[in-house]
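In what follows, every heavy atom counts, from backbone to side chain, and hydrogens, waters and symmetry copies are set aside. Keep in mind it's a predicted model, so treat the numbers as computed, not measured.
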Amino acid sequence: MFLDATGKACPIPVVMAKRELDGGCEDLVIAVDNDTAVQNLTRLASGRQMQAETQEQDGVFRVRIHGASSGPALMPPLASCGSGQGGYAVFISKDHLGEGAQELGYNLLRMALFTLAQGEALPESVLFMNSGVRLPAGEDEQVLDSLRALSDKGVDILVCGTCLNYYGITEQLKAGAVSNMYDILERMQRAGKVITL
């Protein structure tokens with residue numbers, strides 16, 4: 001089956017592909033015109049234990065997803081990290097913590113990420129949206145070290161691609177993976193709880 005998703009922003013290509021895969025399609029080619037969509041479709045295939053192959057021509061990517069599907073779930077059930085008290089996600093939608101003094105809020109968020117990375121009960125994922133995406137795309141080495149430490153311990157760091165594009169910092173991402181609304185909401189829905197910073 002062939003789907004044309006050129007000109008469509010994520011998560012629309014992922015939703016289109018998921019609809020066909022959920023319906024039983026085991027060999028799908030979807031055309032997209034941006035690398036973020038390619039990454040998200042590849043992650044969709046991997047989560048279903050399917051193969052993803054990409055060919056590019058004149059700025060259009062054709063992603064072929066094929067092989068045995070593991071069913072309608074986007075990914076297998078998430079395992080808890082750390083001490084076994086996982087089952088939660090951390091959602092960061094701005095580049096500071098709380099309201100009031102901006103500089104204080106930024107420093108509090110830096111400390112929160114550091115503390116999270118040093119802790120025992122790790123989240124399953126840390127999810128960045130809106131101005132929060134400035135953190136994994138920024139220059140603050142303490143923030144980046146904390147995010148890389150979390151990733152090294154098995155925590156998924158997902159960063160909203162639409163938000164990165166809005167702020168013009170997609171190419172500056174230094175930690176985590178470019179993601180989309182579909183994946184981020186999926187993580188929130190599957191988590192036992194979501195902590196918003």
Side-chain angles (χ1 to χ4, degrees), residues 9-19 21-22 36-37 39-50 52 69-99 105-106 108-138 143-164 166 173-197:
C10 276
I12 294 172
V14 173
V15 172
M16 291 171 65
K18 183 181 181 301
R19 184 180 303 126
L21 295 172
D22 285 350
T36 299
Q39 293 178 40
N40 289 325
L41 289 165
T42 301
R43 194 162 45 249
L44 172 67
S46 175
R48 291 171 173 265
Q49 300 176 339
M50 299 178 80
S69 173
S70 62
L74 177 67
M75 61 194 74
L78 296 167
S80 296
C81 299
S83 67
Q85 298 177 15
Y88 73 99
V90 175
F91 178 63
I92 300 174
S93 65
K94 52 191 176 182
D95 59 1
H96 59 279
L97 181 58
E99 300 301 326
Y106 179 79
L108 289 172
L109 189 49
R110 289 175 79 232
M111 287 185 279
L113 289 171
F114 176 79
T115 303
L116 192 64
Q118 300 302 312
E120 292 286 326
L122 298 173
E124 292 168 347
S125 52
V126 179
L127 313 168
F128 290 91
M129 293 188 86
N130 210 325
S131 66
V133 303
R134 292 176 177 157
L135 296 164
V143 168
L144 296 174
D145 287 347
S146 296
L147 294 177
R148 290 170 184 148
L150 286 165
S151 182
D152 289 345
K153 294 175 181 179
V155 177
D156 290 327
I157 311 294
L158 301 183
V159 186
C160 170
T162 300
C163 306
L164 289 167
Y166 178 84
L173 185 65
K174 299 173 183 69
V178 177
S179 190
N180 60 69
M181 182 69 76
Y182 185 88
D183 280 354
I184 290 171
L185 287 179
E186 175 88 8
R187 295 305 178 100
M188 290 183 181
Q189 290 165 348
R190 295 170 72 89
K193 63 180 176 180
V194 177
I195 297 174
T196 300
L197 294 180

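Taken from CE in Met16 to CG in Leu21, the straight-line distance is 12.0 Å, to the nearest 0.5 Å. In this structure, OG1 in Thr36 is found 9.5 Å from CG in Leu173, a value given to the nearest 0.5 Å. Remark: Arg43 CZ to Asn180 CG distance equals 7.0 Å, nearest 0.5 Å. Summarising the geometry, atom OG belonging to Ser179 is positioned 4.5 Å from atom CD1 belonging to Ile184; distances are rounded to the nearest 0.5 Å.
Side-chain atoms of Lys94 and Thr196, non-hydrogen and from C-beta on, never get closer than 4.5 Å to each other. The shortest side-chain heavy-atom distance between Leu116 and Ser146 does not fall under the 4.5 Å cut-off.
Judged purely by atom type and a 3.5 angstrom limit, Lys174 uses its side chain to pair as donor or acceptor with the backbone of Gly138. Within the 3.5 Å criterion, the main-chain N or O of Asp95 finds a donor-acceptor partner in the side chain of Ser131. Between the side chain of Lys153 and the main chain of Ala117, a donor-acceptor pair closer than 3.5 Å is present.
Contacts of Arg148 classified as side chain to side chain donor-acceptor pair (under 3.5 Å), with partners at least two apart in sequence or in another chain: none. Applying the side chain to side chain donor-acceptor pair (under 3.5 Å) criterion to Asp145, with sequence neighbours excluded, gives no partner residue.
With a 6.0 Å radius and a threshold of 12 heavy atoms from other residues, nucleotides or ligands, Met181 has its CE atom at or below the threshold. Shown here is Tyr106, whose OH atom has more than 12 heavy atoms of other residues, nucleotides or ligands within 6.0 Å.
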